[in-house]
Amino acid sequence: MKTSIATVSISGEFSEKLAAIAAAGFDGIEIFENDFLAFDGSPREVAKMAADVGLEITLYQPFRDFEGLPEPQRQRAFDRAERKFDVMAELGTDLMLVCSSVSPVSLGGIDRAADDFRELGERAAKRNIRIGYEALAWGRHVSDHRDAWEIVRRADHPNIGLIVDSFHTLARKIDPNTIRSIPKDKIFFVQLADAPAIDMDLLYWSRHYRNMPGEGDLQVAEFMRAVTATGYDGYISLEIFNDQFRGGSPRAIADDGHRSLIWLMDKVRRDEPALPVNLPPMPAPVGVEGVAFIEFAADEAGAASIGKLLSSMGFVEAGRHVSKDVVLWRQGDINILINTERSGFAHSSFLVHGTSVYAIALKVEDARATVERARALGVEPFEQPVGAGELTIPAIRGVGGSVIYFLDSSDDLGQVWDIDFKRVEGDKPGAGLTTVDHIGQTMEQGEMLSWLLFYTSIFRTRKTPMVDVIDPAGVVRSQVIESEDGAFRLTLNGAENRRTLAGRFISESFGSSVQHVAFATSDIFATARALKEAGFAPLEISPNYYDDVEARFGLEPELADLLRAENILYDRDDKGEFFQLYAPTWGDGLIFEIIERRDNYSGYGGPNAPFRIAAQKRHLRPKGMPTR
Ligand SMILES: O=C(O)c1ccc(O)c(O)c1
Ligand SMILES: [Mg+2]
């Protein structure tokens with residue numbers, strides 16, 4: 001597979017863009033004309049800069065408003081094209097993208113346009129240049145790749161071909177399978193972009209909201225299957241106009257782009273095995289069966305404080321690491337590790353972030369295959385030395401530089417608690433907590449798409465549409481990633497400012513991390529009683545909330561009273577009911593929550609978020625002090 005990306009997709013100065021694109025592993029770049037015009041070097045210098053970092057210039061674009069013009073505009077358009085041919089010769093690229101005209105003076109007519117392209121083909125041939133015609137979704141007369149193809153077909157010139165762009169086809173809901181019957185040698189180039197499903201003006205959507213394949217909601221894999229079915233094996237090139245990416249880190253955006261193309265082509269060959277895909281083999285997306293453990297890095301004081309909270313929630317100290325200062329707290333199938341080592345990765349993480357979650361472990365179908373797949377997608381593996389006889393647990397780097405370990409039921413990894421830990425006899429009955437229902441990771445809003453792609457490209461998961469959570473100080477965007485059976489659930493929460501609970505957490509703990517851990521119980525009221533006996537004081541919810549919930553859902557007064565008495569939040573969807581009990585926030589905003597899902601309730605209590613966030617913020621703020 002040959003990969004390329006339009007320079008417009010990446011932020012930064014021209015040289016920064018090139019460095020990031022080359023480092024991410026791309027083979028080529030499309031020169032987007034404005035990037036070139038803004039650059040103060042000659043076309044030859046651009047060519048040399050690209051060659052120096054090993055990038056081919058795959059395309060020069062866009063040449064606009066060419067076809068269907070009356071005279072004298074028509075002649076001027078040809079003159080303009082010749083000028084661009086001169087630039088292309090110096091750049092050392094032979095392919096020009098002409099996008100369908102939006103000019104109000106352009107005339108319709110397939111044959112008129114075909115005649116214009118035949119003449120342009122003649123001129124281009126003299127310069128060894130090829131022309132690719134692309135239908136813009138908002139083109140004046142041509143807005144569909146099928147019409148563009150008909151024009152190319154009638155132009156009937158070897159130097160005139162078609163360029164297809166997934167955005168223009170999919171945004172207009174044109175069946176991508178119509179591409180399958182186009183001869184591969186007439187497809188000169190393929191551009192790829194995804195986009196979130198938002199109902200808006202096509203041009204505005206295209207110029208501001210495109211994102212990497214897999215990050216949006218368009219059927220880019222189906223589009224690429226159709227292209228691959230033609231036998232096309234030329235460049236696949238990302239052309240991503242996105243406001244957030246323009247302000248993002250060049251390297252991070254380029255890396256995501258390259259990852260998205262590997263993910264895409266791997267999906268193409270899995271969805272349609274008969275298609276020829278030139279990509280080294282890699283393990284299939286991995287199924288996640290749950291959270292195996294959550295590990296904190298802490299100092300003694302942090303460990304004592306978290307331990308006290310865990311103890312009040314019914315956890316017992318169940319084990320100690322054979323060689324490291326790591327304590328295992330357990331309840332049901334939930335394992336929480338507190339690591340107070342004075343060296344190694346956990347300690348470095350503690351020094352930067354304070355007491356916080358530095359690692360999570362996921363139960364997967366095959367731990368080693370997971371790392372292999374992640375590696376193929378350009379993710380950094382994580383390794384550090386272990387003691388003699390101890391397990392090397394396969395791991396990768398995740399959100400905020402954290403670690404994700406993988407366990408499975410293989411001979412050694414399935415025995416981790418017996419091999420790496422000495423058992424300590426716990427003596428408490430617990431409070432009925434059974435599993436980790438979900439984990440919430442908090443990050444800057446600009447990072448969300450990147451981590452969404454990370455998780456959904458490695459694992460077999462689905463995503464639900466992004467929702468807005470209202471914090472009294474701003475909006476937090478929330479994206480759910482979950483396994484089909486709900487055994488693994490993760491939320492990505494993107495803070496837009498530092499005054500939200502999420503934003504404050506990132507700034508106070510110096511980076512993105514796990515902010516939220518939800519434990520499941522099968523009887524929230526029994527759990528609430530047991531917790532009270534263990535000395536647990538729940539987050540206090542405003543009484544006004546209960547009056548509203550009672551009326552909104554038509555609850556029996558007895559149930560409403562019970563909720564009110566125990567500070568339990570309530571929600572319902574078309575499948576079932578949901579109960580939430582929060583611990584007061586810990587430290588800079590770490591959240592422990594206990595939930596009960598009844599009858600396949602599938603949400604996360606979103607409607608309750610503003611009320612519990614307000615309560616959490618009241619709790620964070622010392623009495624009489626203004627919000628920090
Ligand atoms: O928005 C545009 O004008 C534009 C230009 C060139 C392209 O390839 C494209 O997809 C869009
Ligand atoms: Mg395009």
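Below, all heavy atoms of this structure are taken into account, side chains as well, without hydrogens, waters or symmetry copies. In listed order, ligands and their atoms are each counted from 1.
Here the Mg ion (ligand 2) is the vertex; the OE1 atom in Gln191 and the OE2 atom in Glu134 give an angle of 80° (to 10°).
Heavy atoms of other residues, nucleotides or ligands lying less than 6.0 angstrom from CZ of Phe78 number more than 12.
Checked by distance only, ligand 1 and His168 come closer than 3.5 Å through their nitrogen or oxygen atoms.
Of the options Arg210, Gln191, Arg64, Gln61, the smallest heavy-atom separation from atom 6 (C) of ligand 1 is shown by Gln61. Looking at Glu30, Glu134, Glu239, Arg207 and measuring to atom 2 (C) of ligand 1, the nearest heavy atom belongs to Arg207.
A side-chain contact (heavy atoms from CB on, under 4.5 Å) with Ile179 is found for one member of Trp149, Phe223, Tyr232 and no other, namely Phe223.
Counting heavy atoms closer than 4.0 Å to ligand 1, residue Leu97 contributes side-chain atoms (C-beta onward) but none from N, CA, C or O. Residue contacts with ligand 1 for Leu136 involve side-chain atoms from C-beta outward but no N, CA, C or O (heavy atoms, distance under 4.0 Å).
Glu239 contributes OE1 as its N, O or S atom closest to the Mg ion (ligand 2). Shortest distance from the Mg ion (ligand 2) to Asp165 is reached at OD2 (N/O/S atoms only).
Looking only at atom types and distance, the side chain of Arg172 has a donor-acceptor partner in the side chain of Ser143 under 3.5 Å away. Counted by atom type alone, Tyr235 and Glu56 present one or more donor-acceptor pairs between their side chains at under 3.5 Å. Looking at Gln479 and Tyr455, their side chains never bring a donor and an acceptor atom within 3.5 Å of each other. Counted by atom type alone, Gln61 and Glu239 present one or more donor-acceptor pairs between their side chains at under 3.5 Å.
Contact between Glu33 and ligand 1 is absent, with no heavy atom of the residue lying under 4.0 Å from the ligand. Between Phe189 and ligand 1 there is no heavy-atom distance shorter than 4.0 Å.
In this structure, Leu59 and Gln191 have side chains that are in contact, with non-hydrogen atoms separated by less than 4.5 Å. Side-chain atoms of Thr442 and Asn493, non-hydrogen and from C-beta on, do get closer than 4.5 Å to each other.
At a cut-off of 2.8 Å, Gln61 does not coordinate the Mg ion (ligand 2) through any N, O or S atom.
Atoms of ligand 1 lying under 4.0 Å from any heavy atom of Trp138, numbered from 1 in the order shown and given with element: 1 (O), 2 (C).
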